[in-house]
Amino acid sequence: MENISKFTADRLAKLRRMREKGIDPYGGAFPKSYDAGPLVDSYSEDQEGESVAVAGRLMAVRSHGKSTFADLHDWTGKVQVHFSQKRVGDELYEVVGLLDLGDIVGVEGKVGKTRTGEVTVFAESLTVLSKAVHPLPEKYHGLRDIELRSRHRSLDLIANRESMEQALQRSEIIAGLRGFLSEQGFIEVETPMMQAIPGGAAARPFITHHNALDIDLYLRISPELYLKRLLCGGMERVFEINRNFRNEGVSNKHNPEFTMLEVYEAYGDYESMMRLVEEMVATVARDVMGRLEFTFGEHEIDLTPPWPRRRFSDILEEYADVELFDGADLRRRATELGVDDADEQHHLALIDEVFKRTVELEIIHPTFITHQPAELAPLCRRSPEDPRLSERFEVLVAGFELANAYTELNDPAVQREEFVRQLERRDEGTVGRLDEEFLLEMEHGMPPAGGLGLGVDRLLMILLEKTSLRDVILFPLMRPDNSDVESAASSG
RNA sequence: GGGGGCAUAGCUCAGUUGGAAGAGCAACGGCCUUUUAAGCCGUAGGUCGGAGGUUCGAGCCCUCCUGCCCUCACCA
């Protein structure tokens, strides 16, 4: 305890004085009759004098001697409370003097308006529910430091009202996705996060170990293969909203764990998925945010369906002036764009590279890019009109990939060939093993299906108008702050 | 991993050419029964991210380290 601040010492002294008065500074259950926001917003004159109970955190105190006003914040908003020495009595009014900003209290009293017209609870009793022994960030500017806001999200939520609102909106948006899919006859399922073979994508996995079975397991990079097993098992419309884990870089569009929505519809295809995704996104945007137009950085984005559909080869030609299957042309353009060793790279890598450097960042309005080269998508059915292409689309918006969907490959023999081909050219760090169990199930028959993966955090970036993924994830990955841990350990 | 930037009181921020570390809010003491970022009087609060170096003298210049931000690379 040798390291405590003057602020903490003062607050601990007040805490002791409360105890001396027989008051537990960490009270128990306190049934509220109103949340602050609704009480204030829906107040009507005929409520005047009604006994109410409110609770929350003290965010401002304006004391005038024998009368004290305070702002009580909860997650719905704030309500002013008023303590008068005459009304609450000398004993309790002394306790008011022992309160600090940040303390959590319950107040019972009669609701009414002050002479300036502010809805106020005129306290008759006060219950201390939690004494804060550290000071809060400043009341006016809030907490600005982006590092502190991410590391100490609770302080961010307390001090910055908009952070709380965005966290609540995130929940509403995800509930909206669930509601939309449920209404369309999809059911939510949960599939393994820990997988013996990390499949469904080509990414470096996190590795862990199960002691009792003595086996290594991988945190999933995708739920795809398990969801398809459910299709094999006869579940016709399934979705999962859950975390994927990829052991890769961190950026304002990437977090090592991120929330993915995957949807599978038996007897559908990539076209049915196009209709589903544009309608789903527009519905949620309208229902939760009340609009379809959003500002993203310096761009305006309109989510109104239908979204334009462009073939990969066409858009590559338009933006990059490259013929998709002309290898020499591709190498020429890649070299122009500054790709290293363009002559030695596989043409698929070059396609990817040229696409990212010329097209991806340019597509701001939500756009379906369809018919990518088949080899980029080993789980996708090939296009009957041109087997070099796949029945696939990606949704590009605001310069990044929002969603990816296939007509799912359901021919087990072709699937096996694709897996083998993928293993041959897999990147270092990825796990290369044939998922025989998955293939066996497909060999028993998998219905044709449309499948969709949508990055939920990225959708939230657009709907909440945040250009950094960290701003829509409550606890983004941060390097541990050791100085903090040490001081916490020594003072605790 | 490369390049650039930031780090000053609990919080939000100033700090000039290298010459005595500041303000607002918060805190503490006092006055005050209708305030709204309450007000007035007074007080206290600092390892200037860390470690070295240059200098008579470093918050400021140099080197290294740590964390974060931006950007490039990586990343279906």
Side-chain angles (χ1 to χ4, degrees), chain A residues 4-11 13-14 59-71 78 80-88 93 100-102 112-118 120 122 132-152 155-156 158-160 200-204 221-222 224 244 246-256 258 338-340 348-349 351-353 355-357 360 372-373 375-380 390 392 394 400-401 403-404 406 422 426-430 453 455 467-468 470 476 478-484:
Chain A
I4 61 174
S5 70
K6 171 183 174 295
F7 299 95
T8 299
D10 287 342
R11 286 164 181 252
K14 291 180 185 173
M59 293 297 286
V61 174
R62 296 175 291 280
S63 172
H64 304 76
K66 296 184 170 65
S67 165
T68 298
F69 290 92
D71 292 340
K78 71 167 182 177
Q80 177 168 266
V81 296
H82 178 255
F83 301 98
S84 132
Q85 184 167 14
K86 192 169 176 184
R87 196 182 327 111
V88 301
Y93 199 74
D100 287 299
L101 297 187
K113 280 190 174 179
T114 62
R115 70 178 184 194
T116 57
E118 176 148 0
T120 299
F122 295 94
V133 300
H134 295 296
L136 286 182
E138 198 225 358
K139 62 183 175 184
Y140 187 63
H141 295 94
L143 190 65
R144 291 285 180 78
D145 185 291
I146 184 65
E147 183 178 354
L148 287 178
R149 289 177 54 190
S150 300
R151 283 192 193 282
H152 302 286
L155 295 181
D156 180 36
I158 293 165
N160 301 317
R204 297 164 74 160
I221 54 177
S222 159
E224 176 155 352
N244 287 350
R246 296 185 182 179
N247 202 342
E248 288 162 356
V250 178
S251 78
N252 58 9
K253 290 171 189 148
H254 299 83
N255 195 58
F258 60 98
V339 177
D340 295 337
L348 285 175
I351 288 169
D352 207 37
E353 200 65 44
F355 184 80
K356 279 181 175 163
R357 288 177 190 230
E360 192 163 285
Q372 285 78 354
E375 288 161 285
L376 288 173
L379 294 156
C380 183
S390 50
R392 173 187 181 191
E394 291 173 288
F400 58 77
E401 180 189 337
N404 181 28
Y406 307 146
Q422 183 191 21
R426 75 188 175 86
D427 294 329
E428 200 177 338
T430 58
T467 55
S468 173
R470 277 180 296 275
M478 303 277 279
R479 194 179 291 277
D481 181 352
N482 291 323
S483 67
D484 231 37

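What's counted below: heavy atoms across the whole structure, side chains too, no hydrogens, waters or symmetry copies. This structure is a prediction, so every number in the text was calculated from the model and none was measured. First the proteins, then the strands, lettered A, B, ... as listed; each starts at 1.
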### Query
Any salt bridge between A/K14 and A/D10, counting N to O under 4.0 Å?
no
### Task
Check A/R149, A/R144, A/H141 against A/N160 for a side chain to side chain contact (heavy atoms under 4.5 Å, CB included) and give me the one that passes.
A/R149
For [N], which nucleotide in any strand shown is its Watson-Crick or wobble partner with both distances under 3.5 Å?
N	answer
B/rU34	none
B/rG1	B/rC72
B/rU12	B/rA23
B/rA58	none
B/rG67	B/rC6

Do [X] and [N] have a side chain to base donor-acceptor pair shorter than 3.5 Å?
X	N	value
A/R62	B/rU35	yes
A/Q80	B/rU35	yes
A/Q85	B/rU33	no

### Task
Look at the side-chain N and O atoms of A/R149 and state whether any lies under 4.0 Å from the OP1 or OP2 oxygen of B/rU12.
no
### Message
Does A/T68 form a side-chain contact (heavy atoms from CB on, under 4.5 Å) with A/V61? I'd like the steps, not just the answer.
### Response
CA-CA 7 Å; A/T68 298; A/V61 174; 3.6 Å; yes
Suppose you measure atom [atom1] in [N] against the same atom in [M]; what distance do you get, rounded to whole Å?
N	M	atom1	value
B/rC48	B/rG10	C1'	16 Å
B/rG52	B/rA58	C1'	13 Å
B/rC74	B/rA7	P	31 Å
B/rU55	B/rU17	C1'	15 Å

### Query
Just by distance, with hydrogens left out, do A/H254 and A/R246 show a side-chain donor and acceptor under 3.5 Å apart?
no
### Task
Determine, stepwise, if the pair A/R62 / A/Q80 fulfils side-chain contact (heavy atoms from CB on, under 4.5 Å).
CA-CA 10 Å; A/R62 296 175 291 280; A/Q80 177 168 266; 2.7 Å; yes
### Task
Quick one, give me the B/S/- string for nucleotides 26-32 of chain B, reading 5' to 3', where B means a protein heavy atom under 4.0 Å from the base and S means that only happens at the primed atoms, P, OP1 or OP2.
BBS---B
#### Entry: Heavy-atom donor-acceptor pair, A/R204 side chain to A/E248 backbone, under 3.5 Å
no
### Query
Are the side chain of A/T116 and the backbone N or O of A/T114 linked by a donor-acceptor pair below 3.5 Å?
no
Quick one: label [X] by what it contacts on the DNA or RNA (base, sugar-phosphate, nothing), any heavy atom closer than 4.0 Å.
X	result
A/L155	nothing
A/D71	nothing
A/K86	base

### Message
As a quick check of understanding, evaluate side-chain hydrogen bond (donor to acceptor under 3.5 Å, both in side chains) for A/R392 and A/N404, giving each step before the final call.
### Response
CA-CA 8 Å; A/R392 173 187 181 191; A/N404 181 28; 3.0 Å; yes
### Message
For the CZ atom of A/R87 and the OH atom of A/Y93, what is their distance to the nearest 0.5 Å?
### Response
10.0 Å
### Summary
A/R115 has its side chain closest, among B/rC68, B/rU34, B/rC11, to B/rU34
### Message
Using the side-chain heavy atoms of A/S67, tell me which of these nucleotides is nearest: B/rC68, B/rU33, B/rU35.
### Response
B/rU33
### Query
Hey, what's the ring geometry for A/F122 with A/H82, parallel, tilted or perpendicular (30° and 60° as the breaks)?
perpendicular
Separation of [X] atom [atom1] from [N] atom [atom2], in whole Å?
X	N	atom1	atom2	result
A/L148	B/rC69	CG	C1'	13 Å
A/R151	B/rG49	CZ	P	17 Å
A/L143	B/rC11	CG	P	8 Å

Heteroatom pairs (N/O) under 3.5 angstrom, protein to nucleotides 74-76 of chain B:
| unit_1 | atom_1 | unit_2 | atom_2 | d |
| --- | --- | --- | --- | --- |
| B/rC75 | O2' | A/E248 | OE1 | 2.3 |
| B/rC75 | O2' | A/E248 | OE2 | 3.4 |
| B/rC75 | O2 | A/H254 | NE2 | 2.6 |
| B/rA76 | OP1 | A/A202 | O | 2.6 |
| B/rA76 | O3' | A/E401 | OE1 | 2.9 |
| B/rA76 | N6 | A/Q422 | NE2 | 3.0 |

### Query
Given A/K78 and A/M59, is the side-chain contact (heavy atoms from CB on, under 4.5 Å) satisfied, shown in steps?
CA-CA 9 Å; A/K78 71 167 182 177; A/M59 293 297 286; over 6 Å; no
